[in-house]
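Sequence lines set the chain letters: A, B, ... in the order given, protein chains first and strands last, and positions in each chain run from 1.
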2 protein chains.
Amino acid sequence: MSETNTKNKRLKHKENLRKKILEVAKELFLKHGYDSISIRKIADKIGISPTTIYLYYKDKSDVIYALHQEGFKMLATQFAMLRNVDEPFERLKAMGRSYIEFALENRDFYELMFIMREPIAFVNKNYACEWEEGGAAFEALLVTVADCKSRGYFKQADLHAMSLYIWATIHGICSLKLQGHLDHVVSAHFPEKEHQLNLEKAFDTLVLILRSIQ
Amino acid sequence: MSETNTKNKRLKHKENLRKKILEVAKELFLKHGYDSISIRKIADKIGISPTTIYLYYKDKSDVIYALHQEGFKMLATQFAMLRNVDEPFERLKAMGRSYIEFALENRDFYELMFIMREPIAFVNKNYACEWEEGGAAFEALLVTVADCKSRGYFKQADLHAMSLYIWATIHGICSLKLQGHLDHVVSAHFPEKEHQLNLEKAFDTLVLILRSIQ
DNA sequence: AAATATAATTAACAGTGTTAATATTTTAAA
DNA sequence: TTTAAAATATTAACACTGTTAATTATATTT
């Protein structure tokens with residue numbers, strides 16, 4: 001009885017400290033960016049020794065991968081709210097807007113999830129399996145595109161290719177925006193234009209095009 | 001006479017060492033990736049002291065920015081070969097293929113040029129102007145899209161928005177491919193498909209769509 | 001040849017991730 | 001309850017990183 005009790009306490013403590021490490025890592029990440037996530041800084045903030053962290057995470061990229069997973073949970077939560085949009089093309093548009101909104105409001109997380117190589121390199125070398133969270137998000141897109149097709153949209157295109165294409169386009173828009181390329185290049189050629197609108201205009205163009213190929 | 005001569009010699013020596021530093025940095029970059037570009041490693045390879053590099057480049061991000069510029073020269077060279085393609089839509093397709101080819105054959109350079117934040121942060125903080133090389137590449141796209149429009153393509157869409165959209169789409173395809181997301185996510189859902197084709201299929205979808213909205 | 005620029009170096013600072021050896025604390029058995 | 005064992009945490013150290021200030025060496029000019 002008391003054995004299992006103490007065991008549970010230890011397990012709970014382990015879990016708590018593991019969570020605490022992730023929490024502090026997230027705090028550093030959101031406050032001062034990716035580069036200032038440091039094992040030593042995390043340890044200092046918690047009040048433990050840097051090496052203790054290695055008892056809870058394999059290495060630094062393990063911590064970063066945990067952060068990566070956090071981000072996908074956030075995105076999944078946002079996507080889940082769109083399930084009640086019945087008309088598939090409307091849902092597709094809403095997903096696009098939601099994705100862009102996520103990218104703009106969680107820039108660092110988006111970078112970690114879709115731009116940086118480190119987290120996916122970690123999962124490749126350690127788990128040797130696939131990328132569950134990302135796969136789930138892509139599945140949501142696939143289902144919606146399939147629904148669109150069943151209602152007469154995108155007749156000429158392959159489901160697989162079409163989904164990939166849509167994701168690539170919206171990711172491209174977000175990626176260029178976040179890295180500053182969008183405003184930078186465009187302002188050089190269109191100094192009079194309002195930069196904030198570039199992203200919206202690119203998205204509207206996608207919607208326009210998708211509608212026109214119905 | 002002899003004064004200017006010795007002055008020239010010194011200037012030449014300065015230029016040569018500056019070039020040598022960049023050359024070695026490029027070598028390290030291409031052989032072992034971005035992360036193994038280190039001031040100390042560059043210095044060791046040349047046989048000079050690490051601090052000497054600071055007499056030729058402001059700091060590490062200055063070296064990396066120089067590498068960044070190298071990449072844009074390479075891309076410009078590749079684009080220049082397409083000027084003789086007369087039919088604008090054919091030229092647009094060729095540019096897209098050329099861009100993708102560049103990304104696949106110079107993965108590290110592409111990452112440095114369009115994905116990483118460091119070089120553009122450097123130019124922002126130091127030159128306070130714009131991003132010439134990138135601007136030139138975008139201008140080439142703009143001109144081609146304008147030519148397409150003048151021949152009846154993309155009637156409904158704005159030149160500006162359309163160009164941005166095309167760039168974003170192709171960049172998105174390249175970006176997802178290079179970071180491994182493309183194959184990773186898709187293979188989870190389509191294990192039987194050939195991964196190499198994902199990129200081509202996404203590009204073909206773009207071309208199909210662009211043609212259909214003529 | 002001496003004075004003066006220029007160029008390059010050494011030494012040091014303040015960081016980084018990570019490992020091996022050691023100490024401490026907690027749990028289980030005698 | 002005391003002792004052996006297991007789990008947990010720490011210190012010290014290694015091998016790196018970019019970068020700066022002070023110093024030395026080299027080349028140019030007076």
Side-chain angles (χ1 to χ4, degrees), chain A residues 1-22 24-25 28-29 32-67 116-119 121-122 125-126, chain B residues 1-22 24-25 28-29 32-67 116-119 121-122 125-126:
Chain A
M1 279 290 161
S2 69
E3 301 153 15
T4 56
N5 233 340
T6 50
K7 262 193 185 174
N8 283 345
K9 269 189 185 177
R10 287 176 63 132
L11 281 175
K12 224 171 196 178
H13 172 252
K14 278 207 90 164
E15 257 182 58
N16 283 341
L17 192 42
R18 208 183 133 88
K19 272 184 192 167
K20 182 74 185 169
I21 290 167
L22 187 60
V24 172
L28 282 168
F29 176 54
H32 306 104
Y34 179 85
D35 287 334
S36 59
I37 305 176
S38 125
I39 296 289
R40 284 174 152 95
K41 277 182 200 158
I42 296 169
D44 277 0
K45 273 225 168 204
I46 302 178
I48 58 174
S49 170
T51 50
T52 303
I53 290 171
Y54 289 84
L55 301 172
Y56 295 86
Y57 290 92
K58 196 182 173 188
D59 52 25
K60 190 186 173 181
S61 65
D62 195 0
V63 179
I64 281 159
Y65 175 65
L67 229 46
M116 289 184 172
R117 232 200 220 119
E118 191 150 354
F122 178 82
K125 295 206 173 176
N126 288 278
Chain B
M1 279 293 159
S2 69
E3 301 153 15
T4 55
N5 234 340
T6 48
K7 262 191 183 173
N8 282 345
K9 268 189 183 176
R10 287 175 63 134
L11 281 174
K12 224 170 196 179
H13 173 251
K14 278 208 90 165
E15 257 182 55
N16 282 341
L17 191 42
R18 208 183 133 88
K19 271 184 194 166
K20 181 73 184 171
I21 291 167
L22 187 60
V24 173
L28 281 168
F29 177 55
H32 307 104
Y34 178 85
D35 287 336
S36 59
I37 305 176
S38 123
I39 296 290
R40 283 175 153 95
K41 276 182 201 157
I42 296 169
D44 276 1
K45 273 225 166 203
I46 301 178
I48 58 175
S49 169
T51 51
T52 303
I53 289 171
Y54 289 84
L55 301 172
Y56 296 86
Y57 290 91
K58 196 182 172 185
D59 52 25
K60 190 187 172 180
S61 65
D62 196 1
V63 179
I64 281 159
Y65 175 65
L67 229 48
M116 288 185 174
R117 232 200 222 120
E118 191 150 354
F122 178 82
K125 294 205 173 179
N126 289 277

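- Leu28(A) has its CG atom 10 Å from the P atom of dT16(C), to the nearest Å.
- Every residue meeting the side chain to side chain contact (heavy atoms under 4.5 Å, CB included) condition with Lys20(B), not counting sequence neighbours, appears here in chain and number order: Leu17(B), Glu23(B), Val24(B), Ile46(B).
- Between Ile21(B) atom CD1 and dA7(C) atom P the separation is 13 Å, expressed in whole Å.
- Without hydrogens or angle criteria, Lys60(B) side chain to Ile37(B) main chain gives a donor-acceptor distance under 3.5 Å.
- Atom OH of Tyr54(A) and atom P of dA21(C) are 18 Å apart (whole Å).
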What are the atom names and distances for every N/O pair under 3.5 Å that joins the protein to nucleotides 13-17 of chain D?
residue	atom	partner	partner atom	Å
dT17(D)	OP1	Ser38(B)	OG	2.9

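- The backbone N or O of His32(B) sits less than 3.5 Å from a side-chain atom of Ser36(B), completing a donor-acceptor pair.
- Residues Ile42(B) and Ala25(B) share a closest heavy-atom pair of CD1-CB, 3.8 Å.
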Quiz item: Run the side chain to side chain contact (heavy atoms under 4.5 Å, CB included) check on Tyr54(A) and Ile39(A) step by step: do they pass?
Solution: CA-CA 9 Å; Tyr54(A) 289 84; Ile39(A) 296 289; 4.0 Å; yes
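- When the C1' atom of dT8(D) is taken as reference, atom CG of Asn16(A) falls 15 Å away, rounded to whole Å.
- Side-chain N or O atoms of Tyr57(B) include one that pairs as donor or acceptor with a backbone N or O of Arg18(B) at under 3.5 Å.
- Taking atom CD1 of Ile53(A) as the reference point, atom P of dT8(D) lies 16 Å away to the nearest angstrom.
- Side chains of Tyr34(A) and Glu118(A): a donor-acceptor N/O pair is present below 3.5 angstrom, by distance only.
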Enumerate all atom pairs, one protein N or O and one N or O from nucleotides 9-11 of chain D, separated by less than 3.5 Å.
residue	atom	partner	partner atom	Å
dA9(D)	OP2	Tyr56(A)	OH	2.5
dT10(D)	OP2	Ser49(A)	N	2.8
dT10(D)	OP2	Thr52(A)	OG1	2.5
dT11(D)	O4	Thr51(A)	OG1	3.2

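- When the C1' atom of dT19(D) is taken as reference, atom CG of Asp62(B) falls 14 Å away, rounded to whole Å.
- Nucleotide dG18(D) holds its P atom 15 Å from the CZ atom of Phe122(B), rounded to whole Å.
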Quiz item: Between Phe122(B) and Asp62(B), is a side chain to side chain contact (heavy atoms under 4.5 Å, CB included) present by the stated rule, with each step listed?
Solution: CA-CA 7 Å; Phe122(B) 178 82; Asp62(B) 196 1; 3.3 Å; yes
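- Across Tyr65(B) and Pro119(B), no two heavy atoms sit closer than the pair CD1-O, 3.9 Å.
- Separating the NZ atom of Lys58(A) from the P atom of dG17(C) is a distance of 17 Å, rounded to the nearest angstrom.
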